[in-house]
Amino acid sequence: MAVTDQQDATPTSTSVAVPPSVGIDPSDPLYLHPSDNPGALLVSVLFDGIGYRSWRCSVLRGLPVKNKLGFMSGECKQPNPQSPTYRQWERCDNMVTSWILNSLSKEIADSVEYASDVVELWKELEDRYEQTNGARLYQIQKEINNLSQGALDIASYYTKMKKL
């Protein structure tokens, strides 16, 4: 449809019909922001097999920011492949899988990269690293028992104690 000048009735500009928003609501877990990409880092420190609980906590803080925690928890379930949302779900699941793989050391990532979806990937990591290591637990308890303030200021001593 042309917009016309009322004095001489000649077209001055054309307007293009813009279809209503075809995208997904940004609050929908299937929404991917234009800045989301598979190479993005979800956490700042890669998990290398040590400090699983700390790394896990960082991941569990990062995914809700992107509204993708439901993919990892299984809450955002895979739709039927004939569903119109299947391809978008698959893109989001692959994106979350990539973010988690990027937050792992190469050795660990190589060992879990063939998981079929992010739920399977997360379960594999939980099964492997969430187990309490009795020997490590004993070592930490011994370090706590031997900890003394020494030359540390109170804030540094407290921080060291809390870390253990």
Side-chain angles (χ1 to χ4, degrees), residues 21-79 83 85-164:
S21 177
V22 182
I24 296 173
D25 177 12
S27 65
D28 188 315
L30 295 180
Y31 174 78
L32 285 172
H33 189 273
S35 68
D36 288 337
N37 68 78
L41 291 178
L42 187 60
V43 297
S44 58
V45 178
L46 298 182
F47 176 62
D48 61 0
I50 298 170
Y52 175 75
R53 290 185 181 198
S54 176
W55 172 84
R56 179 182 184 273
C57 187
S58 296
V59 170
L60 293 176
R61 281 192 190 112
L63 286 175
V65 169
K66 296 181 171 287
N67 198 21
K68 299 294 183 265
L69 188 60
F71 283 86
M72 193 183 67
S73 70
E75 182 182 323
C76 190
K77 297 195 181 305
Q78 177 180 346
S83 168
T85 60
Y86 177 77
R87 291 281 182 223
Q88 187 63 25
W89 178 90
E90 186 177 48
R91 279 195 282 292
C92 290
D93 186 77
N94 286 333
M95 187 72 72
V96 176
T97 299
S98 295
W99 292 337
I100 292 176
L101 288 173
N102 289 341
S103 71
L104 301 170
S105 69
K106 179 167 177 25
E107 295 76 27
I108 295 173
D110 287 349
S111 73
V112 294
E113 70 181 332
Y114 294 106
S116 61
D117 59 26
V118 74
V119 171
E120 182 182 327
L121 170 64
W122 192 252
K123 184 174 179 354
E124 176 69 28
L125 292 169
E126 290 275 289
D127 289 348
R128 194 180 305 178
Y129 296 104
E130 182 62 20
Q131 306 303 320
T132 302
N133 182 331
R136 179 69 178 133
L137 188 59
Y138 173 77
Q139 179 185 2
I140 292 170
Q141 187 62 51
K142 187 175 172 186
E143 287 181 49
I144 290 170
N145 291 339
N146 293 335
L147 184 64
S148 68
Q149 184 175 352
L152 296 173
D153 62 75
I154 192 72
S156 298
Y157 174 69
Y158 179 76
T159 299
K160 190 172 183 178
M161 185 171 53
K162 285 297 281 184
K163 183 178 178 186
L164 288 172

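This is a predicted model, so every value here is computed, not measured.
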**Q** Hey, is the main chain of His33 close enough, under 3.5 Å, to the side chain of Asp36 for a donor-acceptor pair?
**A**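 Yes, the answer is positive, given that a donor and an acceptor are paired below the 3.5 Å cut-off.
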
**Q** With heavy-atom distances below 4.5 Å as the criterion, would you say the side chains of Leu60 and Met72 are in contact?
**A**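 In contact.
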
**Q** Could you state the interatomic distance from CG (Leu42) to CH2 (Trp99), rounded to the nearest 0.5 Å?
**A**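 It comes to 7.0 Å.
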
**Q** Do side-chain atoms of Thr97 reach the backbone of Asp93 as a donor and acceptor pair under 3.5 angstrom?
**A**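 Yes, the answer is positive, given that a donor and an acceptor are paired below the 3.5 Å cut-off.
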
**Q** How many angstroms lie between atom CG of Leu104 and atom CD of Glu113, to the nearest 0.5 angstrom?
**A**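 With rounding to 0.5 Å, CG (Leu104) is 10.5 Å from CD (Glu113).
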
**Q** With heavy-atom distances below 4.5 Å as the criterion, would you say the side chains of Tyr86 and Gln78 are in contact?
**A**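 Yes; the side chains approach each other to less than 4.5 Å.
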
**Q** Is there a side-chain contact between Gln88 and Leu32 in this structure, where contact means two heavy atoms from C-beta onward sitting under 4.5 Å apart?
**A**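 Sidechains of Leu32 and Gln88: in contact.
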
**Q** Got a donor-acceptor contact below 3.5 angstrom from the Asp48 side chain to the Ser105 backbone?
**A**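 Flag not set: sc Asp48 to bb Ser105 has no pair under 3.5 Å.
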
**Q** To the nearest 0.5 angstrom, please state how far the CG atom of Asn94 sits from the CG atom of Asp117.
**A**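 Answer for the CG-CG pair, Asn94 versus Asp117, is 9.5 Å.
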
**Q** Identify the two heavy atoms, one from Trp122 and one from Arg56, that lie closest to each other, and give their separation to 0.1 Å.
**A**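 Nearest heavy atoms, Trp122 then Arg56: CZ2-CG, 3.7 Å.
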
**Q** How are the rings of Trp55 and Tyr52 set to each other: parallel, tilted or perpendicular (split at 30° and 60°)?
**A**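 Answer is tilted, since the angle falls between 30° and 60°.
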
**Q** Looking only at heavy atoms, what is the nearest atom pair of Cys92 and Lys68, with distance?
**A**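 Here Cys92 and Lys68 meet closest at SG-CE, 4.1 Å.
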
**Q** Closer than 3.5 angstrom, by distance alone: can the side chain of Asp153 be matched with the main-chain N or O of Ser156 as a donor-acceptor pair?
**A**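 Indeed, once roles are kept as given, a pair shorter than 3.5 Å links the two residues.
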
**Q** Would you say the side-chain atoms of Ser54 pair up with the backbone N or O of Gly51, donor to acceptor, closer than 3.5 Å?
**A**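 No, Ser54 side chain to Gly51 backbone: no donor-acceptor pair under 3.5 Å.
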
**Q** Do Val65 and Arg61 make a side-chain contact, defined as non-hydrogen atoms from C-beta onward lying under 4.5 Å apart?
**A**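 Answer no - side chains too far apart.
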
**Q** Could you pull out the closest heavy-atom pair between Pro29 and Cys76, with the gap in Å?
**A**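 Distance-wise, the nearest heavy atoms are CB-SG, 4.2 Å.
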
**Q** Working to the nearest 0.5 Å, report the span between CG of Leu152 and OG1 of Thr159.
**A**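 One gets 9.5 Å once the value is rounded to the nearest 0.5 Å.
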
**Q** Could you grab the distance from atom CG of Leu46 to atom CD1 of Ile108, nearest 0.5 Å is fine?
**A**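 Rounded to the nearest 0.5 Å, the CG-CD1 separation comes to 9.5 Å.
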
**Q** Is any side-chain heavy atom of Leu30 less than 4.5 Å from a side-chain heavy atom of Phe71?
**A**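 Sidechains of Phe71 and Leu30: in contact.
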
**Q** Step through the shown structure and confirm whether more than 12 heavy atoms of other residues, nucleotides or ligands are within 6.0 Å of OH on Tyr158.
**A**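 Check fails, neighbour count at 12 or below.
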
**Q** How long is the straight-line distance from CE of Met95 back to CD1 of Ile100, given to the nearest 0.5 Å?
**A**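 Between Ile100 CD1 and Met95 CE, I get 13.0 Å after rounding to 0.5 Å.
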
**Q** Tell me the closest heavy-atom pair linking Leu101 and Val112, and the distance in Å.
**A**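 Closest approach of Leu101 to Val112, heavy atoms only: CD2-CG2, 3.8 Å.
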
**Q** Closest heavy-atom contact between Asn67 and Ser27?
**A**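 Asn67 and Ser27 have their closest heavy atoms at ND2-O, 2.7 Å.
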
**Q** If only atom types and distance count, is the side chain of Glu120 paired as donor or acceptor with the main-chain N or O of Ser116 below 3.5 Å?
**A**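 Confirmed, Glu120 side chain pairs with Ser116 backbone.
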
**Q** Kindly say whether Pro79 contributes a backbone atom to a donor-acceptor pair with the side chain of Ser83 at under 3.5 angstrom?
**A**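 No; judged by distance alone, with no hydrogens or angles, the pair does not exist.
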
**Q** Less than 4.0 angstrom from a charged side-chain N to a carboxylate O is my criterion; do Arg87 and Glu90 meet it?
**A**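 Answer for the salt bridge query: yes.
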
